[in-house]
Number of protein chains: 2
Amino acid sequence: MSPVTIRDVATRLNLSITTVSRALDGYADVAAATRARVETAAREMGYAPSHMARQMRRQRTDAIGFVIPVTRKLEGGSRAFADPYFSEFIAGLGDEATRHRLDLLVSVATEEDEQPIYERWARGRRVDGFVLNRMRAHDWRARFLLRNSLPFVANGREIGEVTYPFIEVDSRSGFSQLVAHLAGLGHRRIAYIGGLPNLRSQSDRLSGYRAGLKKAGIAFDKRLVAAGDLTRQGGYLAALELLQRAPRPTALIGMNDMTALGAMRAANELGLQVGRDVAIAGFDGIDDGAHASPPLTTLIQPAYSIARQSVQMLVALINGDPIVERQIVLQPELVARASTLGTS
Amino acid sequence: MSPVTIRDVATRLNLSITTVSRALDGYADVAAATRARVETAAREMGYAPSHMARQMRRQRTDAIGFVIPVTRKLEGGSRAFADPYFSEFIAGLGDEATRHRLDLLVSVATEEDEQPIYERWARGRRVDGFVLNRMRAHDWRARFLLRNSLPFVANGREIGEVTYPFIEVDSRSGFSQLVAHLAGLGHRRIAYIGGLPNLRSQSDRLSGYRAGLKKAGIAFDKRLVAAGDLTRQGGYLAALELLQRAPRPTALIGMNDMTALGAMRAANELGLQVGRDVAIAGFDGIDDGAHASPPLTTLIQPAYSIARQSVQMLVALINGDPIVERQIVLQPELVARASTLGTS
DNA sequence: AGTCCAGTCCAAAACGTTTTGGGTATCCGC
DNA sequence: GCGGATACCCAAAACGTTTTGGACTGGACT
């Protein structure tokens with residue numbers, strides 16, 4: 001059962017390996033009869049070209065890399081990416097990758113552990129390109145990959161002018177909308193639970209929040225801003241504190257849905273009914289939000305299709321094809337549900 | 001910025017590529033001084049061996065493959081693996097893989113689409129081994145991989161005698177425990193929401209359920225058994241129906257946590273308070289269950305560490321190392337929470 | 001009867017490593 | 001001053017493809 005090589009096929013047919021290769025690759029300079037012989041022989045012998053050898057020759061790996069970000073280690077050394085946003089994202093990457101006959105290499109790492117992985121993949125030329133996610137305000141990954149001239153598509157972007165291709169959701173305008181939504185429902189004390197300060201999206205979303213307040217004629221109050229860490233637990237803790245402050249906020253916006261779901265739990269524990277006693281909203285549009293009780297008001301960013309588009313762009317970059325749009329900004333879609341509207 | 005090869009390093013130092021290779025690989029037959037020269041030169045030039053070439057020579061890919069199972073396509077062609085169980089599992093695979101300097105190749109596929117992926121990876125010798133999950137009662141993958149003599153570790157196993165290595169959670173005994181737990185709380189009408197009939201775990205869990213009933217002296221009633229599809233939606237629909245049957249079941253067991261969470265939602269919608277009006281329990285121990293309101297009673301199966309162990313076994317298989325335990329059966333841990341205990 | 005062309009086929013190079021099987025000094029003991 | 005060990009180094013093969021640059025037929029056209 002040792003793997004059958006192109007040479008085996010060639011000797012069996014008394015042909016050169018060149019001809020076998022060309023026959024299978026559909027070149028025009030092989031006789032129809034020969035091609036047929038080669039094809040049946042290959043099928044019978046169970047021949048498939050060795051991916052390694054092919055890569056070696058073509059100087060391509062036919063693989064793209066994605067490092068799943070994870071905020072912290074769980075106790076006991078265990079570590080999980082709790083955010084279903086990434087499940088959707090990975091599904092998108094996987095689907096689009098197989099469509100292009102690419103393989104998807106993944107790894108799971110915190111921000112501190114990620115560097116060796118990128119280096120290993122880049123240095124060892126293990127992948128043809130990268131998809132980057134959760135961009136930081138200043139992100140060494142972009143510079144590293146540019147320096148090594150490895151193609152990548154970013155999901156979000158750093159602060160300042162940026163030349164590399166990215167797909168981004170305009171979370172600034174999203175959060176502004178969200179505040180407008182809440183203000184429209186009569187809320188004046190709208191709190192915000194942010195995330196890791198070095199994330200680009202953190203500053204965007206916070207500034208969207210502030211812009212929204214301004215538009216609604218509400219003064220910004222920094223005591224209404226708390227820090228989470230993008231996890232449910234982070235949102236839970238932050239909300240627990242916020243909701244026990246002197247004039248209690250009547251509405252809570254989480255930087256992402258997981259944060260908001262954690263906040264919902266905190267509200268429950270304090271005996272507050274979400275949607276009636278306190279409004280809570282998030283950002284992402286994950287499934288769990290839609291199925292929570294009450295269902296969570298959120299801004300939907302289409303993780304699945306963003307992932308697919310990212311792969312498409314990346315493929316174009318790798319092949320050197322012209323790219324129509326190198327820098328895409330999508331608008332999130334506000335979906336108002338019972339967590340802000342009350343029983344509906 | 002074109003990649004620097006071993007030859008570049010060699011010519012710069014007036015050494016043979018052999019010596020450079022051996023110096024970097026730590027062989028004894030290279031002078032200490034030379035090794036030092038090589039090492040600094042390599043570092044300065046940013047040399048790292050090409051993974052492709054190394055694989056080619058060693059006839060190893062240093063990668064393992066995992067196909068994430070997904071039950072159904074969502075509307076709009078989109079597809080996601082909604083089950084956080086797999087997030088944890090993948091995190092475990094990823095962590096352990098990097099510990100062994102292996103790469104993890106993933107793909108996302110429904111049961112119908114998976115075959116080409118396995119074939120591509122196996123035929124093209126893209127990976128050194130596989131981790132299999134969600135084993136079916138009769139699973140072509142095991143036979144396919146055995147036939148092609150590719151190492152793999154199964155998570156669960158097929159029906160009947162099985163020779164390949166696997167790690168399994170004894171869900172039969174788990175479900176029996178779960179029924180005992182509910183019976184102990186006074187429940188007599190305990191319903192069961194199952195899953196896809198071809199899954200091995202389906203028959204195990206159902207038979208555990210029946211064994212539990214028997215032990216508790218409760219007659220099996222097939223009208224209390226419904227079919228889900230392992231998703232939240234499936235659980236929701238099944239529960240909606242079950243809870244509207246003539247003598248309403250007082251307890252619901254979901255085949256997995258997602259099913260149970262869906263059932264909780266159905267109960268809510270019907271105005272039933274989970275934990276008081278109806279008890280609900282699941283299986284998996286995912287995070288969302290612990291954070292649901294009320295928190296979900298469940299049987300914890302340690303996805304993260306199962307995944308890590310699977311990789312460890314797989315590595316041993318690949319290297320031909322002796323394996324202490326080829327077939328591991330773990331006991332799930334019953335965690336009783338408010339969804340069956342009531343307010344606690 | 002040469003020239004050209006289309007139709008088939010192939011030998012050899014190349015991709016970047018690791019490993020095999022030596023080769024050449026240098027040094028030691030006698 | 002010689003045999004043999006020791007320390008260091010290297011040429012070449014091999015891994016399995018794809019691609020380059022022809023080579024060899026016949027037949028058609030001058």
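Throughout, a chain's letter reflects where its sequence line sits, starting with A, and its residues are numbered from 1.
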Mind checking whether N198(A) and E111(A) have side chains closer than 4.5 Å, heavy atoms only?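 With C-beta onward as the side chain, the pair touches.
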Return the CD1 to CZ distance between I64(B) and F152(B), rounded to the nearest 0.5 Å.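 Separation between the atoms: 14.0 Å.
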Rounded to whole angstroms, how far apart are [atom1] on [X] and [atom2] on [N]?
| X | N | atom1 | atom2 | result |
| --- | --- | --- | --- | --- |
| L15(B) | dC8(D) | CG | P | 13 Å |
| R54(B) | dT18(C) | CZ | P | 5 Å |
| Q55(A) | dT18(D) | CD | P | 12 Å |
| R126(B) | dC15(D) | CZ | P | 21 Å |
| I6(A) | dA14(D) | CD1 | P | 18 Å |
| M52(A) | dT18(C) | CE | P | 14 Å |
| R7(A) | dA14(D) | CZ | P | 10 Å |
| M56(B) | dA14(C) | CE | C1' | 12 Å |

Are any side-chain N or O atoms of D8(B) and backbone N or O atoms of T5(B), one a donor and one an acceptor, separated by less than 3.5 Å?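 It does hold such a pair.
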Should the pair D103(A)-R120(B) be classified as a salt bridge under the 4.0 Å nitrogen-to-oxygen rule?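 Counted as a salt bridge, because a side-chain N and a carboxylate O are separated by less than 4.0 Å.
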Between R147(B) and E119(B) (salt bridge meaning N to carboxylate O under 4.0 Å), is one present in this structure? no
Select from Q59(B) and R35(B) the residue whose nearest nucleotide in DNA chain D is closer to the 5' end of that strand. R35(B)
Closest-nucleotide mapping onto DNA chain D: is T19(B) or T5(A) further toward the 5' terminus? I mean the 5' end. T19(B)
Scan F144(B), Y118(B), F66(B), Y164(B) and name whichever one has a ring pair (Phe, Tyr, Trp, His ring centres under 6.0 Å) with F130(B). Y118(B)
Counting side-chain heavy atoms from CB outward, which of dG16(D), dC8(D), dT17(C) is closest to P49(B)? dT17(C)
Can you check nucleotides 19-23 of chain C for protein contacts, nitrogen or oxygen pairs under 3.5 Å, and list what you find?
residue: dT19(C); atom: OP2; partner: Y27(B); partner atom: OH; Å: 3.0
residue: dT19(C); atom: O4'; partner: R57(B); partner atom: NH2; Å: 3.2
residue: dT19(C); atom: O4; partner: T18(B); partner atom: OG1; Å: 3.4

